[in-house]
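A short worksheet on the structure shown next.
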Amino acid sequence: MHIQVSTKYMTMLECFSSETRVRMIELLDDGPMSIKELAESLGLSSAIVTKHIQKMEEGGLIKTESLSGTRGSPKMCSLAIDSLTLQLRSVSPDPAAEAATKYTVEIPIGQYSDYAVKPTCGLASESKILGLVDDPRYFSSPERMNAAHLWFGSGYVEYRIPNYLHAAQTAQQLDISLELCSEAPSYNENWPSDISFFINDIEVGMWTCPGDFGSKRGALTPAWWQLGTQNGLLKSLSVQESGTYLDGVKLSNVNIKDVGLKLGEDFRFKLASLETARHCGGISLFGQHFGNYKQDIMVHVYYKDRSMAE
């Protein structure tokens, strides 16, 4: 998760002001625990632990679930997110985009318009494997539209982003967020993969994902899924007038004008694990019913409208 440090997130930030709450995060890193178990481990009363849990649940760090038991319904606590990145200096949107308006689209991960993939590969919906694992032909299946998780060892998938701009409007910034990680057989959390991002066939940047995550079950990953990979990292790509950024860190000098956005033509967004890369470690992509984040590929297009300024 990536947030801009501001008063908007005070509840979340205040969660780290208590040593007790930080110790609780350390305990929950090993797996879900009940209020009673946390209280016993910390040497505190259940009432005090409950107050701390309520604070962290409100801040979005902890999630709770009541389970049926022989003596009431114990409340189980677990971490709601795997990581948190704090952005101190505001970089998105950039100054040019602050005065712009925007439109938003969310693209299902199975709605790719083109692909070329090699095993290990496959697709899964919320309820089943789609086709056969490690058979790229099933990436052409109409059922792919139902995919909530897809993976491939090398190659690419490309998506078309609707271009709703008219002649008086000029794109200022393109923001794309998605959950993804590397792709290793089963899973391997030390499996680097150089993942390249393209807009209209222009490589705007490359990010090395550290691994393929499977040691902790994804918060949204369905119970039937037993194949290893569980969740990814939520990454935010931003192509601005000053360059391209990932989670606020500059990837390249490629800017919004360089990618050649044309009136009446969709934007093409490609994710690639190139065989020529130093770390060709594949890509695993998660939709809103898999992984840790309830979203597909979220796109924001910022633009200026000259007709409104006249």
Side-chain angles (χ1 to χ4, degrees), residues 1-6 8-9 85 87-115 144-145 147 156-180 195-207 234-272 285-288 293-310:
M1 184 177 184
H2 177 89
I3 68 169
Q4 175 72 42
V5 173
S6 69
K8 176 181 177 180
Y9 295 102
T85 301
Q87 182 67 43
L88 302 184
R89 188 185 298 277
S90 178
V91 294
S92 176
D94 69 11
E98 287 182 352
T101 53
K102 71 173 181 178
Y103 68 83
T104 299
V105 293
E106 187 169 10
I107 303 172
I109 66 165
Q111 196 171 312
Y112 45 84
S113 56
D114 193 15
Y115 77 92
R144 76 181 192 275
M145 306 298 281
Y156 70 86
V157 286
E158 183 176 79
Y159 298 85
R160 299 187 76 90
I161 300 171
N163 183 353
Y164 296 134
L165 303 181
H166 57 67
Q169 297 171 335
T170 304
Q172 301 293 301
Q173 183 168 317
L174 177 64
D175 288 358
I176 302 171
S177 71
L178 67 172
E179 183 179 354
L180 75 169
I195 298 175
S196 294
F197 304 99
F198 293 81
I199 303 294
N200 292 347
D201 293 327
I202 303 296
E203 185 171 5
V204 298
M206 185 273 290
W207 165 66
L234 188 65
K235 309 303 290 184
S236 297
L237 183 74
S238 182
V239 185
Q240 305 179 2
E241 290 189 328
S242 57
T244 297
Y245 300 80
L246 189 71
D247 294 339
V249 178
K250 195 167 189 177
L251 283 184
S252 75
N253 290 320
V254 179
N255 62 48
I256 193 70
K257 294 181 180 179
D258 294 332
V259 298
L261 304 181
K262 297 180 180 179
L263 184 66
E265 294 184 6
D266 291 341
F267 313 144
R268 289 179 289 112
F269 171 55
K270 182 188 295 183
L271 286 164
L285 191 58
F286 304 83
Q288 61 176 304
Y293 302 92
K294 193 172 180 58
Q295 67 166 73
D296 284 284
I297 300 174
M298 187 66 70
V299 181
H300 302 289
V301 179
Y302 293 83
Y303 61 92
K304 283 187 177 179
D305 193 328
R306 294 189 302 277
S307 63
M308 295 179 64
E310 296 174 353

Legend entry - Matching residue for Ser238 among Leu174, Val204, Asp175 - test: side chain to side chain contact (heavy atoms under 4.5 Å, CB included): Asp175
Legend entry - Over 12 non-hydrogen atoms of neighbours within 6.0 angstrom of NZ in Lys257: no
Legend entry - Side-chain (Gln295) to main-chain (Ser177) donor-acceptor, under 3.5 angstrom: yes
Inset, instruction - With the side chain counted from C-beta on, respond yes when Leu271 and Phe197 share a heavy-atom pair under 4.5 Å apart, and no when they do not. - result: yes
Legend entry - Spacing of Arg160 atom CZ and Gln111 atom CD [to the nearest 0.5 Å]: 11.5 Å
Legend entry - Separation between OG of Ser196 and CE of Met206, rounded to the nearest 0.5 Å: 6.0 Å
Inset, instruction - Looking only at non-hydrogen atoms, find the nearest pair between Thr104 and His300 and report the distance. - result: OG1-ND1, 2.8 Å
Legend entry - Inter-residue atom distance Tyr245.OH - Lys250.NZ, 0.5 Å rounding: 4.5 Å
Legend entry - Nearest heavy-atom neighbours spanning Leu180 and Lys235: CD2-CG, 3.6 Å
Legend entry - Lys270 vs Asp201 side-chain heavy atoms within contact, under 4.5 Å: yes
Inset, instruction - Measure from the side-chain N and O atoms of Gln172 to the backbone N and O of Tyr302, and report whether any donor-acceptor pair falls under 3.5 Å. - result: no
Inset, instruction - Using a 4.5 Å cut-off on heavy atoms from C-beta on, say whether the side chain of Ile109 contacts that of Phe286. - result: no
Inset, instruction - To the nearest 0.5 Å, tell me how far Ile161 CD1 sits from Arg268 CZ. - result: 11.0 Å
Legend entry - 4.5 Å side-chain heavy-atom contact, Leu237 and Phe269: yes
Inset, instruction - First locate atom OG of Ser236, then atom CG of Leu246, and finally report the distance between them rounded to the nearest 0.5 Å. - result: 7.5 Å
Inset, instruction - Would you check if the side chain of Asn200 reaches a backbone N or O of Val259 as a donor-acceptor pair within less than 3.5 Å? - result: yes
Inset, instruction - For residues Phe198 and Ala272, report the shortest heavy-atom separation together with the two atoms involved. - result: CE1-CB, 3.9 Å
Inset, instruction - Would you mind reporting whether Asp296 and Ile107 have side-chain heavy atoms less than 4.5 Å apart? - result: no
Inset, instruction - Mark yes or no for whether Asn163, through its side chain, and Glu265, through its backbone, hold a donor-acceptor pair below 3.5 Å. - result: yes
Inset, instruction - Check whether the side chains of Gln169 and Asp305 place a donor and an acceptor atom closer than 3.5 Å, and report yes or no. - result: yes
Inset, instruction - Kindly give the heavy-atom pair with the smallest separation between Glu179 and Tyr293, and that separation in Å. - result: OE1-N, 3.1 Å
Inset, instruction - Kindly compute the distance separating CG (Asp258) from CD1 (Ile199), expressed to the nearest 0.5 Å. - result: 12.0 Å
Inset, instruction - Could you pull out the closest heavy-atom pair between Leu263 and Ala167, with the gap in Å? - result: CD1-N, 3.8 Å
Inset, instruction - Please check if the side chain of Tyr103 supplies one atom and the backbone of Tyr164 the other of a donor-acceptor pair under 3.5 Å. - result: yes
Legend entry - Donor-acceptor contact present, side-chain Thr244 to main-chain Leu251, <3.5 Å: no
